[in-house]
Amino acid sequence: LDHKRRAFANIPPGPTPWPVVGNFGGYFIPSFIQKRFGQGSVREMKTAMDILTKLAEHHGNVYSLFVGNQLLVVLNGFDVVKDALSNHPEVFSDRPEIPAVTILTKRKGIVFAPYGPIWRRQRKFCHTTLRNFGLGKLSMEPCILKGLGTIKTELLRLNEESTGAGVDLAPLISNAVSNVICSLILGQRFHHEDHEFCTLLGLMARGLEICVNSPALLINIFPLLYHLPFGVFKELKQVERDITVFLKRIIAKHRETLDPGNPRDLADMYFVEILEQQAAGEVGSSFTEDYLFYIIGDLFIAGTDTTTNSILWILLYMVLYPDIQDRVQAEIDDVVGRHRVPSLSDKGSLPFTEATIMEVQRLTVVVPLGIPHMASETTEFRGYTIPKGTVIVPNLWSVHRDPTLWDDPDTFNPSRFLDNEGKLLRKECFIPFGIGRRVCMGEQLAKMELFLTITSLLHAFKFRVPEGTPTPPLLGRFGLTLAPCPYTVCVSTRG
Ligand code: HEM
């Protein structure tokens, strides 16, 4: 049944869609359906990535798929992704209206905001403000190191209590990462056992899980399902209400305690901006208390899961490749010594450590399909017509596994990022943060967090798989980001 494809003349080639569900039914059976049919509880994202990347071998680097009646164009390989997102930014920088996301975000904030002046102004304001609070600079270091101090103490305690079974690093890392965002945006850190904070993190995780991995996914094809008063649909609305109450309370507290001369964090700066715009008589500005709510939600969601999972992947690789862990530790010992903790100022002197972090990011690609873009007008691209409203999927996974760009792309080899003299090589085709106008806004912050967390933890501890437990797999779990399967580690302090 090729009627959908015929409805669009000269769109990129692709597999024939099924009636009603499009290609969604054939290739992307969600895990909640897989579970029903007994295919295991963990969906291995590698399979979905491999399917998408394999389709390019068949249909070319620009091919189309249908989800329901929605046309998707998947971009594969570095040349094509760069060509679309960097060389044609005016056409390919918009975001699609994904019904489930639109219901939750109202197309406000940054991540899912339509390309245009409001998005540009909000993004610029947030980026500049975060930079003023130390993003990408040494002044941010103490904030990150504080969380790492807590992790180290807790890690030792839990490790002792675990009597050999090992410690799950995920809650500790997620907590430290969330606290960095919290400090920047809301000026406050939460104790890792703070009930309210844990509840908020839990709600966000649950909300995401429902949106990407439950029958609520069907809202994207049949939006009215959102209003169903039972099951995950009801739970989703409750989660949304609880997060709203929590954040709105913190925002109101900021408004009430604001001292415009001494802004404490991004929320304060935002209120100052609102006041300045009001004083200047600006009418209809997008800077409102309501918009701030969506900005905060965005930064939390974009900045926590991604960074947490990247750190968890790197530590997992260190456990599975103890020889690389030894080399990283030897380099850190050489440069930093044993009498102080690693600092951002050591970055340039630790090329093997940096190469190792980058190599794990290359292989694991925590946002494997980027965040969907949309064609804002009908355009010709690489000989095909891309109609206005087409969802554009940049397959970052395919870029990082492209055998024409990377020797032996499936092999873990940090040295590929080093030249003959052991200096770090920057590669244009290494794009874990995306490319173009929508490139990750938190790239500098994330890089600081990855570097400081990995160097601090490997400086202090040796990590290994607990004895008698199976080797953790290197397969990812499907979610908003690609997460490693849960694993535990044993730690021992280094002299
Ligand atoms: C967008 C990756 C951490 C804030 C993105 C995109 C990717 C990405 C691939 C989509 C780019 C596109 O649409 O083409 C990552 C990775 C991270 C990370 C791998 C960690 C290792 C962070 C952090 C923050 C953040 C810490 C918060 C400060 C954002 C925002 C966007 C974004 C706001 C949306 C940009 C826009 O639509 O204009 N990120 N990110 N990210 N990221 Fe990150």
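Ligands are counted one by one from 1 in listed order, and the atoms in each one are counted from 1 as well.
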Honestly, for Val367 the part within reach of ligand 1 (heavy atoms, under 4.0 Å) is side chain
Minimal heavy-atom distance between Pro223 and Ile103, with the atoms involved, is O-CD1, 4.5 Å
Arg437 to ligand 1: N or O pair under 3.5 Å?
no
Inset, instruction - Work out whether the distance between some heavy atom of Pro432 and some atom of ligand 1 is less than 4.0 Å. - result: yes
If I apply the N/O under 3.5 Å rule, does Thr307 come out as touching ligand 1? no
- Phe112 to ligand 1, any heavy atom closer than 4.0 Å: no
Looking only at heavy atoms, the pair that brings Pro114 and Asp94 closest together is CA-OD1, 3.3 Å
May I ask you to check whether Arg438 has an N/O atom sitting below 3.5 Å from an N/O atom of ligand 1? yes
So the atoms of ligand 1 within less than 4.0 Å of a heavy atom of Val366 turn out to be 19 (C)
Residue set satisfying side-chain hydrogen bond (donor to acceptor under 3.5 Å, both in side chains) with Arg416, at least two apart, ordered chain then number -> Glu359
Residues passing the side chain to side chain contact (heavy atoms under 4.5 Å, CB included) test with Asp298, sequence neighbours excluded, are Ile110, Val111
Query - Sidechain N-carboxylate O distance under 4.0 Å for Lys447, Glu443 - result: yes
Q. Does any N/O atom on His373 come nearer than 3.5 Å to any N/O atom on ligand 1?
A. yes
Can you find an N or O of Trp119 that's nearer than 3.5 Å to an N or O of ligand 1?
yes
Contact region, Ile110 to ligand 1, non-hydrogen atoms below 4.0 Å, reads both
ask   = Does Glu331 use its side chain to pair, donor to acceptor, with the backbone of Phe352 at less than 3.5 Å?
value = yes
At under 4.0 Å between heavy atoms, what of Ser310 touches ligand 1? The answer is side chain
Quiz item: Can a salt bridge be assigned to the pair Asp290 and Lys106 using a cut-off of 4.0 Å between side-chain N and carboxylate O?
Solution: no
Ligand 1 atoms nearer than 4.0 angstrom to some heavy atom of Arg123 are 35 (C), 36 (C), 38 (O)
